[in-house]
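Down below is the structure, laid out as structure tokens.
Numbers here simply count residues along the sequence, with the first being 1. Worth knowing before you read on, the calculation uses all heavy atoms, side chains too, and leaves out hydrogens, waters and symmetry mates. Just so we're clear, the structure is a prediction, and the values are computed from it rather than from any experiment.
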Amino acid sequence: MSLKSTISGFKGESDVESEFRRQGSFRKLLPINTNGDTQLSMSAKMIDRPTITQSNKEYITYLQEYNILSEYHTLSHQDLKGVYVIPSAQNSFLWFGVQFVRQGFFRGGVFRFTVTLPPNFPDGGCPKVVLQSSVFHPLINPETGELNTAWGFPEWRRNNRVWQLIQFITKIFTKVDPKMTTINQEASTLLETNIESFQEKAMQCVKNSQSQMYDPPTVDDAHYITFSPYVNDLHDPIKEEIYKPKEEDSNKTLGISWVQPGSLQPFSKPETR
């Protein structure tokens, strides 16, 4: 299952809106805007507005859910490396994520995590991040798996974005800073006094995460990110199609260059034959 499209190469606004209207709590709709704005552009404006007091609690719920939709839409347009994130199909306040670590002590690790938005999002402080597999890291609680987000966000402001939090998750795996505010004292001590032992424990976490990669979902949710082993008959044709060179269009009109190679004429272009 490929979820890269959830991070980059997003569809047009109309496609995105129809997609989310069909899923989970995003099926709720705001009244049509008389100014001609699309509902997605409305949500983008809402997320930066000050808190609005409404007597209609149902309408407030609609505003909040469109804030969340706008937040995810913003995240999908960021160039985030090696990470996949998608909101739950049943609960828009719960997001599933998988981090593929490409460098550092935890290189090769495949770490699942959840992001839980506060009930009064976009207010309510920093979303909660919990690692689903055991990770030996100074910023991760060894018992609960919760990440100490205060190191990266001492104060979560209204203009902070969830994509920045996802970026922070990538950073704490690729660059372990000895100055981090420790949650796991043993990990912090080894990092400063015995880096070889720290690296051994980190690599054990990597191996454990790889062995759990194909485990069945821990929750019954259509958006829970799952992976399946490589099957030659199924995946080889797809792989070949991906690596297949693109055919150049011989009828494509070439733009005017400053000086065409082989010519001294400015603003020249190849002669048509």
Side-chain angles (χ1 to χ4, degrees), residues 1-8 75 78-89 94-116 126-149 151-152 162-178 180-191 194-231 234-235 239:
M1 175 180 180
S2 176
L3 290 172
K4 191 63 179 177
S5 60
T6 65
I7 301 300
S8 62
L75 181 150
Q78 305 304 315
D79 187 21
L80 302 176
K81 306 295 186 182
V83 63
Y84 299 80
V85 184
I86 188 171
S88 162
L94 175 65
W95 296 15
F96 301 116
V98 179
Q99 175 71 62
F100 288 78
V101 185
R102 299 178 175 179
Q103 60 184 19
F105 292 114
F106 297 93
R107 181 180 180 181
V110 184
F111 299 110
R112 297 181 182 275
F113 62 89
T114 58
V115 177
T116 304
C126 185
K128 180 180 178 181
V129 177
V130 176
L131 278 296
Q132 293 182 270
S133 57
S134 177
V135 183
F136 188 75
H137 193 286
L139 287 182
I140 299 175
N141 189 308
E143 297 180 359
T144 65
E146 183 172 355
L147 172 65
N148 178 24
T149 56
W151 171 250
V162 176
W163 72 263
Q164 295 172 321
L165 178 61
I166 302 301
Q167 190 177 55
F168 173 69
I169 296 173
T170 301
K171 183 178 179 179
I172 64 107
F173 280 116
T174 57
K175 185 177 181 181
V176 185
D177 190 342
M180 289 176 171
T181 304
T182 182
I183 295 297
N184 185 333
Q185 187 60 54
E186 181 185 1
S188 180
T189 300
L190 283 183
L191 183 62
N194 192 337
I195 197 167
E196 290 80 10
S197 295
F198 178 86
Q199 187 169 15
E200 289 178 5
K201 288 184 174 292
M203 288 307 301
Q204 186 59 50
C205 293
V206 170
K207 292 179 181 179
N208 292 341
S209 72
Q210 293 174 344
S211 67
Q212 300 167 359
M213 185 173 179
Y214 304 122
D215 287 356
T218 57
V219 296
D220 183 16
D221 193 290
H223 287 182
Y224 186 87
I225 303 173
T226 60
F227 302 96
S228 59
Y230 191 93
V231 179
L234 177 63
H235 297 114
K239 181 179 178 181

Looking at [X] and [Y], what are the two nearest heavy atoms and their distance?
X: Arg112; Y: Met213; value: NH2-O, 3.3 Å
X: Asn184; Y: Pro142; value: ND2-CB, 3.8 Å
X: Thr149; Y: Cys126; value: OG1-SG, 3.5 Å
X: Val206; Y: Gly109; value: CG1-N, 3.6 Å
X: Pro217; Y: Thr226; value: CG-CG2, 3.6 Å
X: Thr181; Y: Leu139; value: O-CD2, 3.0 Å

What's the separation between atom [atom1] in [X] and atom [atom2] in [Y], rounded to the nearest 0.5 Å?
X: Leu131; Y: Phe173; atom1: CG; atom2: CZ; value: 4.5 Å
X: Phe96; Y: Thr114; atom1: CZ; atom2: OG1; value: 8.0 Å
X: His137; Y: Phe111; atom1: NE2; atom2: CZ; value: 9.5 Å
X: Phe106; Y: Met203; atom1: CZ; atom2: CE; value: 10.0 Å
X: Arg107; Y: Gln199; atom1: CZ; atom2: CD; value: 11.5 Å
X: Ser197; Y: Leu191; atom1: OG; atom2: CG; value: 11.5 Å

Any donor-acceptor pair under 3.5 Å linking the side chain of Asp221 with the backbone of Ala89?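 Side chain of Asp221 to backbone of Ala89, a donor-acceptor pair under 3.5 Å: yes, one is there.
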Got [X] and [Y] here, is their nearest side-chain heavy-atom distance under 4.5 Å?
X: Lys201; Y: Glu186; result: yes
X: Trp163; Y: Val85; result: no
X: Ile225; Y: Ile86; result: yes
X: Phe198; Y: Pro138; result: yes

Report the C-alpha separation of Ile172 and Leu147 in whole Å, then their side-chain angles, then the decisive distance to 0.1 Å, and conclude whether the side-chain contact (heavy atoms from CB on, under 4.5 Å) test is met. CA-CA 10 Å; Ile172 64 107; Leu147 172 65; 4.1 Å; yes
Worked check of side-chain contact (heavy atoms from CB on, under 4.5 Å) between Gln204 and Phe136: CA-CA 9 Å; Gln204 186 59 50; Phe136 188 75; over 6 Å; no
So does Lys175 pair up with Asp177, basic N to acidic O under 4.0 Å?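 Between Asp177 and Lys175 there is no salt bridge, as every charged N stays at least 4.0 Å from the carboxylate O atoms.
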Side-chain donor-acceptor contact under 3.5 Å, Thr170 with Gln99: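 Indeed, the side chains of Thr170 and Gln99 share at least one donor-acceptor pair under 3.5 Å.
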Assess whether side-chain contact (heavy atoms from CB on, under 4.5 Å) is satisfied between Phe113 and Ile166, documenting all intermediate values. CA-CA 10 Å; Phe113 62 89; Ile166 302 301; 4.0 Å; yes
Phe100 vs Tyr84 aromatic rings, parallel, tilted or perpendicular, using cut-offs 30° and 60°?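 Perpendicular.
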Test side-chain contact (heavy atoms from CB on, under 4.5 Å) on Lys81 and Arg102; report intermediate values, then the result. CA-CA 9 Å; Lys81 306 295 186 182; Arg102 299 178 175 179; 3.9 Å; yes
